[in-house]
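The structure appears right after this line, and notes come after that.
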2 protein chains.
Amino acid sequence: MKISEVAKRIDLPISTIRYYEKMGIITEEYLLREQNNYRNYTSDIIDYLQVVKNCLAVGFTISDIKSMISLKGISKEEQARIIKEKIAEIEAAQLNLENAKQTLYGLLQTDITCESGFGKHDRTVS
Amino acid sequence: MKISEVAKRIDLPISTIRYYEKMGIITEEYLLREQNNYRNYTSDIIDYLQVVKNCLAVGFTISDIKSMISLKGISKEEQARIIKEKIAEIEAAQLNLENAKQTLYGLLQTDITCESGFGKHDRTVS
DNA sequence: GTAAACTATGAAGTATACTTTATAGCAAGA
DNA sequence: TCTTGCTATAAAGTATACTTCATAGTTTAC
């Protein structure tokens, strides 16, 4: 699969896909080169990039993703530790999301124009 | 309350608090100046900044927050529209989080070192 | 009253995640 | 064949969210 097809199927700019490769999160596993030097991706790249998109969308960095990729080279204990750490981060993010959502629902039910400020009367988890 | 106390209580650098003010998300409502020109914050600033932190942590931009603040000046219909839009964004983020979490749980249960790549065998929502 | 600590401003610097530009080779259809 | 379009690389540019620096006024503790 050539880069433009990947771009279309995963809905990312070509430049972004090349950038991910440069950053080391698209590896040989998903990518080889044709004789003309064009990139040729495996069909797995689509699912993989969807996971990458999900991770980036919820606040993981490219560096985080690199560390998850590199899990293959380290001990199972270390793997489990890193993965659990990431899951904890996700759960913290989920709490934040729920708080933000409740803040917004609160705004919907309040007469914002007259007396309430953004978030002014909301409770948040510290 | 002076800036250093706010910084300590909300656990943000002083520079960040001044930056938020510069970006227009800390308004007169929470801030006045003393005769010596020092910033003097109301106690409400703490709860407010916690909401700001939550929002930023889950992917909202400072610009998003500004638009939420400015809800006070616009019609209720427009307010409701913007708020519902933000809630939809949060719900999309929640889906992404759940996907990312399942990806990681999948990794925990797989023999990563031997055959599975990061995310390679996971399903994600398109 | 003076040194250390806190406050202020504006401007420049940094990190992350991309995007755009410039230049050039390769390919497919009329 | 020639033009249009896709591919390539390297380097510079952009946006967002801060942080650091340079400089200077203010306050507090001894």
Side-chain angles (χ1 to χ4, degrees), chain A residues 1-28 30-42 45 48-70 86 89 93 96 100, chain B residues 1-28 30-42 45 48-70 86 89 93 96 100:
Chain A
M1 199 185 334
K2 281 194 284 187
I3 197 165
S4 60
E5 191 183 340
V6 175
K8 197 176 175 185
R9 286 175 58 178
I10 199 64
D11 192 29
L12 279 176
I14 289 175
S15 59
T16 302
I17 298 169
R18 287 200 273 243
Y19 169 72
Y20 287 166
E21 180 186 338
K22 198 176 171 192
M23 293 297 100
I25 59 174
I26 295 178
T27 61
E28 295 176 329
Y30 300 106
L31 172 61
L32 38 101
R33 295 290 183 132
E34 292 181 2
Q35 286 179 319
N36 57 15
N37 199 34
Y38 284 17
R39 291 171 180 82
N40 187 354
Y41 298 90
T42 68
I45 192 76
Y48 174 71
L49 286 179
Q50 188 59 56
V51 175
V52 168
K53 278 182 83 175
N54 284 343
C55 289
L56 290 174
V58 299
F60 287 106
T61 64
I62 286 182
S63 180
D64 287 333
I65 294 170
K66 273 183 86 167
S67 80
M68 289 189 260
I69 290 173
S70 60
K86 298 295 173 192
E89 284 173 31
N96 275 331
Chain B
M1 199 187 329
K2 281 194 284 186
I3 197 166
S4 60
E5 191 182 342
V6 175
K8 197 175 176 185
R9 287 176 57 178
I10 199 64
D11 191 29
L12 279 177
I14 289 176
S15 60
T16 303
I17 298 170
R18 286 199 273 242
Y19 170 71
Y20 287 166
E21 180 186 338
K22 198 175 169 191
M23 293 297 100
I25 60 176
I26 295 179
T27 59
E28 294 177 331
Y30 300 106
L31 172 61
L32 38 102
R33 296 290 184 131
E34 293 182 0
Q35 285 180 320
N36 58 14
N37 198 36
Y38 284 17
R39 290 171 180 83
N40 186 355
Y41 298 91
T42 69
I45 192 77
Y48 174 70
L49 285 179
Q50 187 60 55
V51 175
V52 168
K53 278 183 85 174
N54 285 343
C55 288
L56 290 174
V58 299
F60 286 105
T61 64
I62 286 182
S63 179
D64 286 332
I65 294 171
K66 272 183 85 168
S67 79
M68 289 190 260
I69 290 173
S70 61
K86 298 296 175 193
E89 284 173 32
N96 275 332

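Numbers restart at 1 for each chain; the letters A, B, ... are given by sequence-line order, proteins then strands.
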Ignoring the backbone of I3(A), work out which of dA8(D), dT16(D), dC6(D) is nearest its side chain. dA8(D)
Which whole-number value in Å describes the distance from K53(A) NZ to dC18(C) P? 10 Å
Between dC6(D) atom P and E5(A) atom CD, what is the distance in whole Å? 13 Å
How long is the line joining CD1 of I62(B) and P of dT19(D), in whole Å? 10 Å
Gap between atom OH of Y30(B) and atom CD1 of I17(B) - 0.5 Å precision: 14.0 Å
Option among R39(B), R9(B), M1(B), E5(B) that satisfies the side-chain contact (heavy atoms from CB on, under 4.5 Å) test with I45(B): M1(B)
Reported CG-to-OG1 distance for the pair D64(B) and T61(B), which is rounded to 0.5 angstrom: 3.5 Å
Find the distance I25(B):CD1 to dC18(D):P and express it as a whole number of Å. 8 Å
Euclidean distance, Y48(A) OH relative to T27(A) OG1, rounded to 0.5 Å: 6.0 Å
Send over the distance from K22(A) NZ to dT20(C) C1', rounded to a whole Å. 13 Å
Phosphate oxygens OP1/OP2 of dT9(C): is one of them under 4.0 Å from a side-chain N or O of R33(B)? yes
Does dT19(C) have OP1 or OP2 sitting under 4.0 Å from an N or O in the side chain of T16(A)? yes
Check the phosphate of dT16(C) against S63(A), side-chain N and O only, distance under 4.0 Å to OP1 or OP2. Yes or no? no
Looking at Y19(B), I'd like to know whether one of its side-chain N or O atoms comes within less than 4.0 Å of OP1 or OP2 on dT16(D). no
Which of dT27(D), dT19(C), dT7(D) is nearest the side chain of Y38(B)? It is dT27(D)
Distance check: side-chain N/O of S15(B) vs OP1/OP2 of dT20(D), anything under 4.0 Å? no
What's the CG-C1' distance between N36(B) and dT9(C), to the nearest Å? 15 Å
E28(B), CD atom: more than 12 neighbouring heavy atoms under 6.0 Å: no
R39(A) side chain N/O closer than 4.0 Å to the phosphate oxygens (OP1, OP2) of dT9(D)? yes
Nearest-Å distance for atom pair CE/P, residues M23(B) and dT19(D): 13 Å
When you measure from the side chain of I14(B), which nucleotide among dT19(C), dT7(C), dT7(D) comes out closest? dT7(C)
What integer distance in Å separates R18(A):CZ from dA22(C):C1'? 13 Å
